[in-house]
Each structure stands twice: as structure tokens, then as C-alpha cells.
Amino acid sequence: MTEKDTGRDLARIAIFAALIVVLGMVTIPVPGGVPITAQTLGVMLAGAVLGPRRAPLAVLIVLVLAAVGLPILAGGRGGLGVFFGPSAGYLLGWVAGAVVIGLIVRGGRITWWRMALGATIGGILTVYLFGIPVQALVLGLDLMPAAISSLIFLPGDLLKAGIATMLTLALRRAYPPAFGVHVRPRVA
Amino acid sequence: MCGLVSPDTTLPTISLDGVSVQVDGRPVLSDVSVDLSARHIAVIGANGSGKSTFARLLNGLVRPAAGSVVVHGLDSTTDRAELRRRVGFVFTNPDAQILMPTPAEDLALSVRGKDRVEIERLVERTLERFELAGHADVPASSLSGGQKQLLALASVLITRPQLIVADEPTTLLDLRNARRIGDLLLSQSAQLVLVTHDLRLAERCDTVLLFEDGRLIDVGEPCEIVDSYRRACG
Amino acid sequence: MCGLVSPDTTLPTISLDGVSVQVDGRPVLSDVSVDLSARHIAVIGANGSGKSTFARLLNGLVRPAAGSVVVHGLDSTTDRAELRRRVGFVFTNPDAQILMPTPAEDLALSVRGKDRVEIERLVERTLERFELAGHADVPASSLSGGQKQLLALASVLITRPQLIVADEPTTLLDLRNARRIGDLLLSQSAQLVLVTHDLRLAERCDTVLLFEDGRLIDVGEPCEIVDSYRRACG
Amino acid sequence: MILLYRPGSSILHRLGAGPKLVALSVVAVVLSIYPHDGWSIGLTLAGIAVLYLVAAMPVAVLWREIWRLRWLVVVLGAGLAVFVSPLLAVVSTGRVVALLLLAALLTLTTRMADILAVLHRLLRPLRRRGVDVDAVAMAISLTIAMTPVVASFADRLREAQRARGVRLGVRAVVPLLVLALRHADEVGDALAARGLT
Ligand SMILES: Nc1ncnc2c1ncn2[C@@H]1O[C@H](COP(=O)(O)OP(=O)(O)OP(=O)(O)O)[C@@H](O)[C@H]1O
Ligand SMILES: Nc1ncnc2c1ncn2[C@@H]1O[C@H](COP(=O)(O)OP(=O)(O)OP(=O)(O)O)[C@@H](O)[C@H]1O
Ligand SMILES: O=C(O)CCCC[C@@H]1SC[C@@H]2NC(=O)N[C@@H]21
Ligand SMILES: [Mg+2]
Ligand SMILES: [Mg+2]
């Protein structure tokens with residue numbers, strides 16, 4: 001089966017979008033209006049499993065659904081207001097981050113160091129790169145204080161990167177077809 | 001109850017000729033050749049014997065590594081799009097087959113492309129026929145198992161397929177729901193290929209195919225084949 | 001084959017007293033009272049009648065809104081941890097029950113806490129007993145349906161439970177695999193509560209419970225109850 | 001967590017999804033840039049409460065939506081009150097709460113199908129840039145259909161762990177991913193079988 005498998009592609013994109021939505025239930029609110037959320041773990045996993053082309057699409061779907069008002073972001077938030085809020089940059093960063101993770105992780109054989117690198121550079125660095133300036137802008141802060149205040153996310157995000165690495169490697173053992181779309185599932 | 005109906009030769013034919021299927025280089029179906037023109041065709045056999053693979057050949061979900069599959073005059077590799085318009089496929093697990101958030105939307109999806117009024121009329125009528133009218137706009141995930149399978153079936157039948165392929169559509173259901181879905185499938189005017197572990201249901205068909213280890217080992221009268229399968233299982 | 005075994009009163013008892021269960025304020029089980037000390041207990045009834053809810057009460061997966069559930073002397077609300085150590089639960093879909101990447105790891109998970117050598121010995125022996133030795137370290141997701149259900153069962157039996165609760169463990173299986181799992185369950189020394197749509201299998205038990213619409217409407221001799229259920233289904 | 005629609009016949013229910021979305025975005029922008037004080041925020045929130053009444057929502061629904069935001073209010077409000085000023089705390093928190101309550105009102109009064117139709121229309125111009133708009137629309141509705149399924153997988157795995165008396169913690173995400181991916185592949189086949197790809 002070598003043909004392009006659009007159905008599988010679409011369904012996998014959608015399932016990761018759904019997974020990111022579900023992970024929104026795990027959250028810790030933080031002063032400053034940007035929550036700590038397990039959704040970033042979902043972004044890292046999407047990048048690793050879906051790759052650089054499809055992963056950002058899954059994230060974009062989450063953002064579109066949030067934009068039309070569905071309460072799917074951390075803490076049951078949604079609506080266009082979010083995209084004018086302090087966390088808007090981070091949300092954009094998720095899209096870029098998913099691409100970067102995909103590029104790094106799927107650039108060769110999946111290994112722990114590749115995954116750890118991808119999650120750190122794509123899932124943390126890239127996201128902050130978009131998130132901190134926008135947060136500074138919205139809250140009327142300077143770049144430096146904004147950057148320092150977002151250090152509060154770093155321990156959690158490093159932990160999530162570690163977890164994402166462990167999960168990806170375990171998933172490769174548990175379900176190898178996860179990393180190639182052209183194997184059909186066992187049917188009933 | 002068994003084997004009284006003779007094959008209806010006015011029905012179009014399903015022909016497999018020397019068909020083999022491989023997954024990851026491993027053969028899962030070997031050299032299957034058969035011509036089928038009965039109205040109701042049951043497919044039985046052990047887990048992993050190749051039943052689902054056979055069913056999925058019939059609308060091009062699986063491609064043969066060798067041989068040809070011709071369904072109602074359409075080649076399953078070259079005329080796949082047209083084939084899928086004519087073949088309706090019912091899966092075991094309705095959860096995977098219900099693609100839209102609500103029953104009404106899921107049915108509308110099946111008949112998209114028609115004009116709005118026509119779609120609404122069709123959807124409404126179909127919902128009524130399957131006793132789902134009261135659930136048109138609830139989340140599909142909140143339906144009961146039987147209702148979900150009814151909806152999955154409705155979304156296939158609403159397109160008036162010429163051939164229905166159903167892969168164990170009753171396994172998750174209780175006696176009454178299973179009978180209901182079985183009756184519904186057998187009462188359609190379309191030709192039916194029914195994969196099932198329910199041997200009683202198989203006996204209600206006109207022809208039975210028995211698979212073993214990726215080979216089609218027997219075709220014929222329901223009673224005979226079902227009995228020989230029962231005996232083989234000890 | 002049917003109803004010849006009298007209840008074995010030396011077995012410990014499962015007692016429900018005026019048990020009701022609500023989900024989202026809707027009653028899904030109403031006022032169930034029953035004392036069970038038979039060895040093999042089957043539970044039958046339509047989709048949504050409350051069978052799974054009943055099964056899940058027995059190890060505290062579901063909490064009663066009213067009434068009490070006492071299993072082998074342990075109250076299901078106050079002694080839940082101990083209860084779960086003694087009750088093994090087999091789900092319909094093994095995919096949701098297999099928690100680790102490979103069969104060996106999954107079995108080891110069930111007996112974690114023992115010392116390493118002991119665990120390895122137990123895992124190895126169990127894999128052999130269930131004919132899974134050749135698959136110890138392959139992805140569990142690549143096993144066949146029958147093998148997965150065997151693994152799920154193995155991961156429960158390896159803990160030597162005193163009571164096995166199985167919720168339709170054979171629905172996804174073919175005749176031979178279903179019989180095999182059925183035989184395995186019935187041959188254990190533990191007490192067994194078996195939810196099933198397979199009425200033949202139910203008839204092989206010592207007592208049958210029939211549920212309808214969230215109520216326990218009948219308890220007794222397998223043949224009688226199964227027959228009355230068959231008749232009710234038309 | 002999705003599909004909160006509450007059927008009704010109020011004017012807000014009957015208003016088209018498109019106009020509602022436009023109104024929501026305009027209000028979002030205005031609320032964000034208008035230099036609020038305590039009074040204007042109070043008025044805004046009161047106005048939103050009135051809108052809930054106009055939509056014939058029971059007070060319990062409004063309360064549920066507010067309750068859902070409790071942590072946000074406490075943390076954001078307390079943080080700003082301590083570190084900046086009480087007035088700013090009231091204004092900023094009030095602004096965020098107002099926006100989220102409005103968004104919730106939109107989902108409460110609009111069918112998912114109508115929202116999806118508007119999305120489809122919004123995406124249409126992208127077709128000229130070579131985007132397969134139907135595929136995008138399909139992926140979006142699939143996501144909505146799949147979210148409760150993924151949540152139910154998580155529930156089932158939680159039960160399986162409890163039944164086996166084990167706690168996997170984050171490791172439980174592995175079987176969750178397996179179930180989810182397998183489900184996705186089945187859905188992909190169903191899409192193909194229904195001639196949708
Ligand atoms: N995605 C897959 N990867 C590997 N092997 C597969 C895959 N799908 C099917 N197979 C193999 O193909 C063979 C035939 O499978 P098939 O699903 O057709 O059997 P079946 O008769 O439908 O079984 P069941 O009664 O369990 O549904 C089996 O050996 C199975 O293991
Ligand atoms: N988590 C839940 N949320 C909502 N309703 C539920 C839930 N669990 C069970 N129910 C409802 O409780 C009732 C009994 O369900 P239960 O699963 O016990 O039925 P069952 O007899 O096991 O059916 P089946 O044969 O389909 O497995 C049903 O009406 C069902 O819809
Ligand atoms: O829900 C939102 O509005 C967006 C939340 C963004 C959270 C950012 S992403 C990077 C950092 N890590 C976290 O856990 N939270 C922040
Ligand atoms: Mg099959
Ligand atoms: Mg059940």
C-alpha cells in the first residue's frame with residue numbers, strides 16, 4: 001500500500017488535536033495570566049508522532065476551535081479574547097514548535113537524544129521565543145522581566161520534555177506503526 | 001431455515017481471481033478465487049483467518065498483491081472511487097465509523113453534495129426509519145451501543161449502496177439488537193457480504209465462505225459449511 | 001449440561017443489599033439485593049440493562065448510591081484496596097487492559113513488589129501456561145485478538161484472585177478462542193462472575209442473574225433463566 | 001467539555017452563527033483596547049449577565065460558567081492585586097472573565113454544525129491558495145467527534161489501572177496513545193470506505 005493515505009492522515013491529525021484538547025484538563029493557573037498546562041506535552045508528542053508537516057496542523061485545529069469560542073484551552077478558556085491575552089504568543093509558538101520538533105525527531109531514526117533535543121528546542125525554546133515577546137507586549141512589561149517571569153515554566157517544561165521522551169520511546173516499542181502511517185491496523 | 005434459497009443469478013457478480021494479500025511481506029490471504037452472485041453471502045472462520053481482509057478487498061480498502069477483484073463489473077484497483085460509491089461498508093465498531101459529532105450531521109455527511117432541502121429531508125426520513133429521530137442533535141457519543149450501530153448502518157444505507165459489506169456488525173450487541181441489525185441487513189434489496197462469528201446469522205444467508213489461515217477453504221450451502229466449521233472447532 | 005450442579009455453600013459469599021447506582025443523577029441500577037455463593041455465576045441481559053455496572057460494583061469500580069456490597073466479607077466502599085487485591089477483573093476489550101508495551105512487562109506489572117527473581121519466574125511460567133512464551137517481548141499491540149485476550153486474562157490470573165469478574169471476555173473472539181477463554185475461566189479454583197451475551201456459556205454456570213432496565217429481575221437455574229430471556233427476546 | 005449547546009428559541013439562539021461570531025470578535029477587540037475603570041468593567045459584566053438571561057439560560061448555567069473560571073479569577077486577581085494594584089486586578093480579571101463568559105454564551109446558543117459551517121465559509125478563500133478546504137473542515141469536525149472518544153479512552157485506562165491495583169502515572173499515556181492511534185487508523189479507513197478521501 002504505497003498510495004497517499006489521506007484518510008489516515010486526517011484522522012491522525014484530528015486525534016492529536018483531540019488529545020491536546022483532553023490534556024487541557026490538566027492545568028495549574030499562574031499569576032500573569034499564562035497557565036502551566038499539560039497541553040504542551042501534547043504538542044511535543046504530536047510533533048514526534050505526526051512529523052513536521054502534520055503536527056502543526058493538529059495544533060492549528062486546536063487554535064481554530066478555541067478561537068470560535070470552544071472552552072478547550074487550559075482552565076476551560078476559549079474565544080477570540082484569548083488571542084488578545086498574555087498567552088497568545090505561546091499559542092503561536094506551539095505551531096512553530098510542533099514543526100521544529102517534527103523536523104528534529106523525524107530527521108532520522110528515533111532515539112532518546114533526538115527526542116530530548118526536539119522537545120527542548122522545539123517544545124520549549126521555540127515556544128518561549130514567540131511567547132515571551134507577546135506576553136511582554138500585552139502586559140506592558142519590558143522583555144527582560146517578562147523573560148524572567150516566564151522562568152516559572154521552565155522546570156515544568158523540562159519535566160514535560162523528559163516525559164515526552166520517555167513516552168515516545170515506549171510508544172515505539174508498544175505500537176511501532178505509530179511512526180509510519182502505511183500499516184493497516186488490526187481489524188476487529 | 002437453512003439453504004432453501006437458490007442463488008439468484010440476476011444479481012451482479014463479485015469475482016476474485018487468484019487474489020493474494022500481503023501485510024509487511026507476510027501473506028494474510030493466499031490465492032483466493034471465487035465467483036459470487038448469491039444475494040446474501042456470509043463469511044466465517046477463526047480469528048485471523050483473513051475474513052476482514054477479504055471484506056476490505058471488496059471496496060479497495062486493501063489492495064491485492066496479486067490477482068484481481070472485480071465487483072459488479074468494477075475493478076477494485078482501477079475503479080476505486082466509483083466502487084466506493086456503490087459499496088457500503090459497515091465496521092464492527094460503530095465508534096470508529098461515526099465521523100460527525102451528532103447523528104443528523106453524520107447522516108448528512110453521507111449524502112453531502114445534494115441540495116440542502118433534499119439532504120434535510122433524507123436525513124429526517126432516515127432518522128425516523130432507524131428510530132433515532134429523538135436523538136438527531138445529541139452527541140453521538142451519548143448513544144447506546146445498539147443505537148450507535150443503528151446509526152452506523154443508517155449512514156451507509158442512506159446512500160442506497162448496491163452492495164453492503166458488513167464486518168461483524170453484531171458482535172457488540174445483545175440478542176435483540178443483534179437480531180434487529182441482522183434483520184435490517186437481510187431485508188435490504190442490495191447484495192450483502194456479511195462477516196460474522198454468529199453462525200445462526202450465517203445460516204440465514206444463501207452462501208457461506210469459510211476461511212482458514214488466509215485461504216478460502218470452502219464455499220457453499222450454509223448448513224453444510226457451518227456444520228463442518230462447528231465440527232472443526234471441536 | 002444444564003443446571004445439574006447445586007450451589008457450593010462452602011464458597012464465600014457476595015452480598016448486595018438494596019443497592020442502587022446513579023450516573024449523572026440518572027438511576028442505572030435500582031434496588032438490587034441478592035446473596036450469591038455459587039462457584040460460577042453468569043450475568044445476562046440486554047445492552048444497557050446494567051450488567052457491567054453490576055460487575056463493576058464487585059471491586060469498587062462503581063460506588064453504590066445506596067445500599068451495601070459485601071464481597072467475601074469485605075465492604076466494597078470501606079475495604080476497597082483489599083478488595084481489589086482479591087478480585088481480578090477482565091474487561092471486554094483487552095486493548096484497554098494491557099497497560100505495558102510488551103506481554104512480559106504487562107505480566108510483571110501485575111506482580112510488582114515481589115523480588116526480581118520471583119517476578120521473572122512467575123512471568124515466564126505464566127507466559128508458558130498461556131502459550132505466549134514465544135511472544136514475551138514483542139509489542140503487545142501486534143498480538144492477535146485471541147492472544148490479547150489470553151494476555152489480559154493471564155495478567156489477572158497471575159495474581160491468584162479469589163474472585164474473577166469478567167465482563168464479556170469472549171465477545172470479540174471466534175468459536176475456538178471463545179471456548180478456550182471460557183474453559184480457562186471455568187477451570188479456575190476462584191469464584192467467577194461472568195457477564196456474557198453468549199447464552200451457551202451462561203448455561204455452563206451454576207447460577208444466572210438476569211438484568212433488565214437496571215433491575216435484577218431473575219436469579220436461578222441457568223436453563224430456566226436463559227430460556228425465559230430467549231423467549232423475552234422474541 | 002465540548003458540545004455545550006443548550007437548545008432554545010431565544011433571539012440569541014435564532015441569530016445566525018456568523019453574526020454572533022463577528023459580534024464576539026468585535027467585542028473582544030473593543031474590550032481589549034478600551035481603557036477600563038472599575039465602573040465600566042462592572043457594567044460590562046452586568047450586561048453579559050443580562051445577555052445570559054436574554055438567552056433564557058438558567059442561573060445555574062451562568063453560575064457553572066463562572067465557577068469554571070474560579071481559579072483563573074483567584075490566581076490572576078490575587079497576583080495582580082498583590083504585585084500591581086487592586087484596581088488593575090479588578091479591571092484585568094474582569095476583562096478576561098467578560099471575554100470568556102461571552103465565548104461560552106456563543107457555544108451555549110449555537111449548534112456545532114452552524115459553527116462548522118461558518119468556519120467552512122471563512123476557510124473558503126484559502127482554496128485559491130491550494131488548500132484543501134474540505135479536508136480541513138473534515139479534520140476539524142473529526143476533532144470534535146474524537147474528543148469525547150479520547151476522554152473515554154482515558155477513563156477506561158484509569159479503570160483498568162484501578163482494577164489491577166496499579167498506578168502508572170504519566171506512563172499511562174502510552175496505552176492511551178496506542179488506543180488513540182488505533183482508533184484514528186480505524187476512522188481513517190471509515191473515511192476511505194465512505195468515499196470521503
Ligand atoms: N495491521 C496488521 N499488521 C499485521 N498483521 C495484520 C494486520 N492486519 C491483519 N493482519 C494479519 O492478517 C491476518 C488476517 O487478518 P484478518 O483481520 O483478515 O482476520 P479475521 O479473519 O478478520 O480475524 P477476526 O475474526 O479476529 O476479525 C491475521 O494473521 C492478522 O494477524
Ligand atoms: N459512564 C457512563 N455515563 C453515562 N451513562 C452510563 C455510564 N455507564 C453506564 N451508563 C448507563 O448505564 C446503563 C447501564 O449500563 P451498563 O454498561 O451497565 O449496561 P450493560 O448491561 O453492561 O450493557 P452492554 O450489554 O451494552 O454492555 C446504561 O443505560 C448506560 O447508558
Ligand atoms: O492556554 C493558553 O492560553 C496558552 C497557554 C500557554 C502556556 C505556555 S506554553 C509554554 C509554557 N509552559 C507552560 O506550561 N505554560 C506556558
Ligand atoms: Mg475481522
Ligand atoms: Mg456491558
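No hydrogens, no waters, no symmetry mates; every other heavy atom, side chains included, goes into these values.
- Contacts of D:Ile140 with chain A are made by both backbone and side-chain atoms, with heavy-atom separations under 4.5 Å.
- At a 4.5 Å heavy-atom cutoff, A:Leu57 makes no contact with chain D through either its backbone or its side chain.
- For the atom pair A:Ile61 CD1 and D:Leu142 CG, the distance stands at 8.5 Å (nearest 0.5 Å).
- Looking at D:Leu69, the atoms closer than 4.5 Å to chain A (heavy atoms on both sides) all sit in the side chain, from C-beta outward.
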For residues 166-174 of chain D, dump all side-chain donor-acceptor pairs below 3.5 Å to protein atoms at least two apart in sequence or in another chain.
none

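- Within 6.0 Å of CZ in D:Arg127 there are more than 12 heavy atoms belonging to other residues, nucleotides or ligands.
- Annotation: residues 157-173 of chain A contacts chain D through A:Ile163, A:Met166, A:Leu167, A:Ala170, A:Leu171 [non-hydrogen atoms, separation under 4.5 Å].
- Side-chain contact between D:Asp185 and A:Arg12 is present, with at least one heavy-atom pair separated by less than 4.5 Å.
- Chain A forms more heavy-atom pairs under 4.5 Å with one residue of D:Ala135, D:Ala190, D:Ala78, D:Ala145 than with any other, namely D:Ala135.
- Between A:Phe16 and D:Leu181 there is a side-chain heavy-atom pair separated by less than 4.5 Å.
- Using a 4.5 Å cut-off between heavy atoms, A:Val68 contacts chain D through both its backbone and its side chain.
- Only the side chain of A:Val49 comes within contact range of chain D, judged by heavy atoms closer than 4.5 Å.
- Between D:Asp189 and A:Arg8, the closest side-chain pair of non-hydrogen atoms falls below 4.5 Å.
- Heavy atoms closer than 4.5 Å to chain A are found nowhere in D:Ala192, neither backbone nor side chain.
- For D:Thr109, the side-chain contact (heavy atoms from CB on, under 4.5 Å) partners are D:Leu12, D:His13, D:Lys20, D:Ala55, D:Met57, D:Leu105, not counting sequence neighbours.
- Just one residue in the list D:Val150, D:Val187, D:Thr143 forms a side chain to side chain contact (heavy atoms under 4.5 Å, CB included) with A:Ile15, and that residue is D:Val150.
- Contacts between D:Leu119 and chain A at a heavy-atom distance below 4.5 Å involve the side chain alone, from C-beta outward.
- Closest non-hydrogen pair, D:Ala184 versus A:Ala11, comes out as O-CB, 3.1 Å.
- Around CD1 of A:Ile28, the count of heavy atoms belonging to other residues, nucleotides or ligands within 6.0 Å does not exceed 12.
- The side chain to side chain contact (heavy atoms under 4.5 Å, CB included) test with A:Leu70 singles out one residue from D:Leu106, D:Thr147, D:Thr107, and that residue is D:Thr107.
- Put simply, of A:Pro29, A:Gly79, A:Gly24, the one with the most heavy-atom pairs under 4.5 Å next to chain D is A:Pro29.
- Here the shortest heavy-atom pairing between D:Ala103 and A:Gly78 reads CB-O, 3.4 Å.
- With a 4.5 angstrom heavy-atom cutoff, D:Leu176 touches chain A only via side-chain atoms.
- Residues of residues 82-116 of chain A lying within less than 4.5 angstrom of chain D, judged on heavy atoms, are A:Val82, A:Phe84 in numerical order.
- A:Leu19 has its side chain within reach of D:Leu177: a pair of non-hydrogen atoms, C-beta onward, lies under 4.5 Å apart.
- Open room surrounds CD1 on A:Ile152; 12 or fewer heavy atoms of other groups in view lie less than 6.0 Å from it.
- Here the CG-CD1 distance, from A:Leu65 to D:Ile115, works out to 9.0 Å after rounding to the nearest 0.5 Å.
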